[in-house]
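Input: a single structure, listed below in structure tokens.
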Amino acid sequence: MADAEKNLDLMEKLVSLCKRRGFIFPSSEIYGGINGFWDYGPYGVRMKRAIEALWWHEMVETRDNIEGLDSSIICHPRVWKASGHLDQFSDLMTDCRYCKSRFRVDQMEDTAVCSNCGSRNLTEPREFNLMMKTFVGPVFDEEHAAYLRAETCQPIFVDYNLVRIATRQKLPFGVAQIGKAFRNEINPRNFIFRSREFTQMEMEFFCDGEQGLEWFEYWKAQRIKYYREKLQFSDDFFRIYEHEKLAHYAKAAIDIEVKFPFGWGELEGIHHRGTWDLSRHSEFSGEDLQYMDHDNGRKLMPTVVETSVGLDRTFLAILGNAYDEDTAATQKEGMEEDVRIVLHLPPLVAPVQVAVLPLSKKLNESAEKLNTDLNRHFRCEFDSTGSIGKRYRRQDEIGTPFCVTFDFDSAADNAVTVRNRDTMAQERVSIDQLRTYLENAIGI
RNA sequence: GCGAGUGUAGCUCAGCUGGUAGAGCAUCACGUUGCCAACGUGAUUGUCGACGGUUCGAAUCCGUUCACUCGCUCCA
């Protein structure tokens, strides 16, 4: 099978598995769906929150100089004037009906003629803006227009000084935020890779411009380490793309790209944004956002180094990387082996980390008690239906790294079998040691 | 937004030229089994994506629309 075909196949399998097993559903499905919107089901939300928690822990909780923020989704419209989102994307566009080219009206020499084919058969100019519009208050007129944030970083810049004062942070320090952002993408594509409502995990690091490039290199290294060690990405699964064309204010920018089922795609951007954002907000708000360095009596506009990740894209990358089909022994008539679908998810983000399975329904009571105990420390699931083999396969398909099987000897020897998802090997573990054993295995 | 393809049970799909719906898997119950999708018996499941038209009759033909996939386009 050709690579492209195989990859397409993988995407279809992921979409199907996600729906079937409750990871991700099309939004509003009973009404026919709505383009560019997705719902995270029971297993999906477990995993999504686990990824969020992992990022937050790595970026905020384990660092003294990064503060958290949870800003509103709707901001003052001038925020988007200052950021440039409103003007740059309020373009009037026209399409040539003949050759299908599209032009910005303000860039055309003659607004009645297609510069590509010379046709005069053009559509009426239409306004294109990627920001989602709404109205604040009950009156729906332009004076009350507002926008859902197109990225989570702008409110960080807007609140930067309040955060600094409240926390008494000195440069360099960062502010992180996880939240929804909205864009009216012309054409949402590739499952949850490009949707109109998505979650970003962003951290803006404020520093003295003289150290900007050093901090850029620092965060680049930190983020690569995170993907290698925490999400277990191998070196052939991700790559660094260095921007050749930089925004006028930026000094450096890279993207971390990963191998999605449809090809390489951006997962995270690490950008040196200079003083541009804070300068713009100073200018538009009239508020002086400069920083007073009391150590040397110097006043400066902080430089920003940004790390910006798409949570939904991380989710898709992890899923695609984890999906595997191998073969395993079966007792089905006339068959030696059968296909086994397994998600090799990193245990830290697996929706179910430990499945507790009684070997027989006769053992339900004791096994349920064990499940209740383990549930306090891990994401657990109890299942007693069907044969034990079937239950193992069910767990494989949702990526459960460990199955704990309570059997007929367990009550007597106070031990259970721990079955490994990846190797299918089993190990007898004392119930007293079980929590420690699982914590080590999961990497908590 | 343009072009192409697809849409039938939870999933994968079959339903030829119109006669009002099927398989495998999954799910559930009971029995059996006791560590890798075992077996037996039984059961549940559909506005055939939506709306409209043609027809005595539409999953099937026609139109419109919605969604998904791919290629353009877009992606601050």
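The shown structure was predicted, so the numbers you read here are calculated from the model rather than taken from an experiment. Every chain is numbered from 1 and lettered A, B, ... according to where its sequence line falls, protein lines coming before strand lines.
- Across all strands shown, A:R391 has no heavy atoms under 4.0 Å from either base or sugar-phosphate atoms.
- Defined by atom type and a distance below 3.5 Å, a donor-acceptor pair is present between the side-chain atoms of A:E381 and A:Y43.
- Taking atom C1' on both B:U47 and B:C30, the two are 34 Å apart, rounded to the nearest angstrom.
- The P atoms of B:U8 and B:G15 are separated by 14 Å, rounded to the nearest whole Å.
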Could you go through residues 420-433 of chain A and list every donor-acceptor pair under 3.5 Å that involves a side-chain atom there, pairing it with any protein atom two or more places apart or in another chain?
| from | atom 1 | to | atom 2 | distance (Å) |
| --- | --- | --- | --- | --- |
| A:N420 | OD1 | A:D422 | N | 2.7 |
| A:N420 | OD1 | A:T423 | N | 3.0 |
| A:N420 | OD1 | A:T423 | OG1 | 3.4 |
| A:R421 | NE | A:L343 | O | 3.4 |
| A:R421 | NH1 | A:L343 | O | 3.2 |
| A:R421 | NH1 | A:L345 | O | 3.0 |
| A:R421 | NH1 | A:G399 | O | 2.7 |
| A:R421 | NH2 | A:L345 | O | 2.8 |
| A:D422 | OD1 | A:H344 | ND1 | 2.5 |
| A:T423 | OG1 | A:A425 | N | 3.1 |
| A:E427 | OE1 | A:Y437 | OH | 2.8 |
| A:R428 | NE | A:D413 | OD2 | 3.3 |
| A:R428 | NH1 | A:D407 | OD2 | 2.7 |
| A:R428 | NH1 | A:T417 | OG1 | 3.1 |
| A:R428 | NH2 | A:D407 | OD1 | 3.3 |
| A:R428 | NH2 | A:D413 | OD1 | 3.2 |
| A:R428 | NH2 | A:D413 | OD2 | 3.0 |
| A:R428 | NH2 | A:A415 | O | 3.1 |
| A:S430 | OG | A:D432 | N | 3.2 |
| A:D432 | OD1 | A:N414 | ND2 | 3.4 |
| A:D432 | OD2 | A:N414 | ND2 | 3.4 |

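- A cation-pi arrangement is absent between A:R280 and A:F284, since the terminal nitrogen or guanidinium carbon is not both under 6.0 Å from the aromatic centre and inside a 45° cone about the axis.
- Side-chain to base pairing of A:R194 with B:C75: one donor and one acceptor N or O lie within less than 3.5 Å of each other.
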Which atom pairs link the protein and nucleotides 46-50 of chain B when you take only N or O atoms and keep those under 3.5 Å?
none

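- The line from NE2 of A:H281 to CZ of A:R78 is 11.0 Å long, rounded to the nearest 0.5 Å.
- Ion pairing between A:K133 and A:E142 holds under the 4.0 Å rule for side-chain N and carboxylate O.
- Taking the six-membered ring for Trp and the full ring otherwise, the centers of A:F205 and A:W215 sit less than 6.0 Å from each other.
- Between A:G386 and A:K19, the residue whose closest nucleotide on RNA chain B is further toward the 5' end is A:K19.
- Taking atom NZ of residue A:K13 and atom P of nucleotide B:C13, one finds them 11 Å apart after rounding to whole Å.
- Atom CG in A:L14 sits roughly 15 Å away from atom C1' in B:C68 (whole-Å rounding).
- For A:R394, a side-chain nitrogen or oxygen approaches OP1 or OP2 of B:U27 to under 4.0 Å.
- The residue from A:E268, A:E217, A:E306 that alone fulfils the salt bridge (Lys or Arg N to Asp or Glu O under 4.0 Å) condition with A:R223 is A:E268.
- With B:A26, B:C35, B:C11 as the candidates, the nucleotide lying closest to the side chain of A:S16 is B:C11.
- Listed candidates were B:C70, B:C68, B:A38. Nearest to the side chain of A:F262 is B:C70.
- In this structure, A:M11 atom CE and B:U6 atom P are separated by 21 Å, rounded to whole Å.
- Distance noted for atom P between B:C16 and B:G22: 14 Å (whole Å).
- Closest to the side chain of A:D407, from the set B:C35, B:G34, B:C70, is B:C35.
- With hydrogens and angles left out, the side-chain atoms of A:Q232 and A:Y227 include no donor and acceptor closer than 3.5 Å.
- Using modelled atom types, one finds no donor on one side chain facing an acceptor on the other under 3.5 Å when comparing A:T152 with A:Q177.
- Rounded to a whole Å, the CG atom of A:L359 is 11 Å from the C1' atom of B:C36.
- Here A:Y392 does not pack flat against the base of B:A37, since the 5.5 angstrom centre distance and 30 degree tilt limits are not both met.
- Using a 4.0 Å heavy-atom distance criterion, A:I388 is classed as a sugar-phosphate-only contact.
- Counting any heavy atom pair closer than 4.0 Å across all strands shown, A:G36 reaches sugar-phosphate atoms only and no base atom.
- In the set B:C68, B:U69, B:C11, the nucleotide with an atom closest to the side chain of A:F191 is B:U69.
- You'll find the side chain of A:L316 reaches within 4.5 Å of the side chain of A:L14, heavy atoms only.
- Within the 4.0 Å cut-off from OP1 or OP2 of B:C68, at least one side-chain nitrogen or oxygen of A:N35 is found.
- Each of A:S360 and A:E29 has a nearest nucleotide on RNA chain B; the 5'-most of these lies closest to A:E29.
- Taking atom C1' on both nucleotides, B:C13 is separated from B:A4 by 22 Å, rounded to a whole Å.
- Comparing B:G10, B:C75, B:C35 by their nearest atom to the side chain of A:R183 picks out B:C75.
- Note that CZ of A:F193 and CZ of A:F262 are 4.0 Å apart. Values are rounded to the nearest 0.5 Å.
- Atom CZ of A:F25 is separated from atom P of B:G10 by 12 Å (rounded to the nearest Å).
- Between A:E12 atom CD and B:U69 atom P the separation is 10 Å, expressed in whole Å.
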(request) State the dot-bracket string of RNA chain B. Criteria: Watson-Crick or G-U wobble, both atom distances under 3.5 angstrom; notation: ( ) intrastrand, [ ] crossing earlier pairs, | interstrand, . unpaired. (result) (((((((..((((.....[..)))).(((((.......))))).....(((((..]....))))))))))))....
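- Heavy atoms of A:V339 sit under 4.0 angstrom from at least one base atom.
- Comparing the C1' positions of B:A9 and B:A43 gives an interatomic distance of 15 Å, to the nearest angstrom.
- Closest to the A:K362 side chain, of the nucleotides B:C35, B:U69, B:G34, is B:G34.
- Put simply, CG on A:N420 is 14 Å from C1' on B:C35, counting in whole angstrom units.
- Expressed to the nearest 0.5 Å, how far NZ of A:K259 lies from CG of A:D236 amounts to 4.5 Å.
- Taking side-chain N and O atoms only, A:S387 has no distance below 4.0 Å to OP1 or OP2 of B:A37.
- Taking the C1' atom of each, B:C28 and B:C74 are spaced 48 Å apart, rounded to whole Å.
- Between the side chain of A:Q426 and the base of B:C35 there is at least one donor-acceptor pair of N/O atoms closer than 3.5 Å.
- Distance CD (A:E427) to C1' (B:C35): 15 Å, rounded to an integer number of Å.
- Nucleotides B:G19 and B:A29 are separated by 37 Å at their C1' atoms, to the nearest Å.
- For A:N190 and B:C70, the shortest distance from a side-chain N or O to OP1 or OP2 is below 4.0 Å.
- Atom P of B:U12 sits at a distance of 31 Å from the matching atom of B:U73, rounded to the whole Å.
- Of the candidate nucleotides B:C74, B:C35, B:C70, B:C70 has the atom nearest to the side chain of A:R189.
- Annotation: A:W38 is in aromatic contact with A:F191 [ring centroid separation under 6.0 Å].
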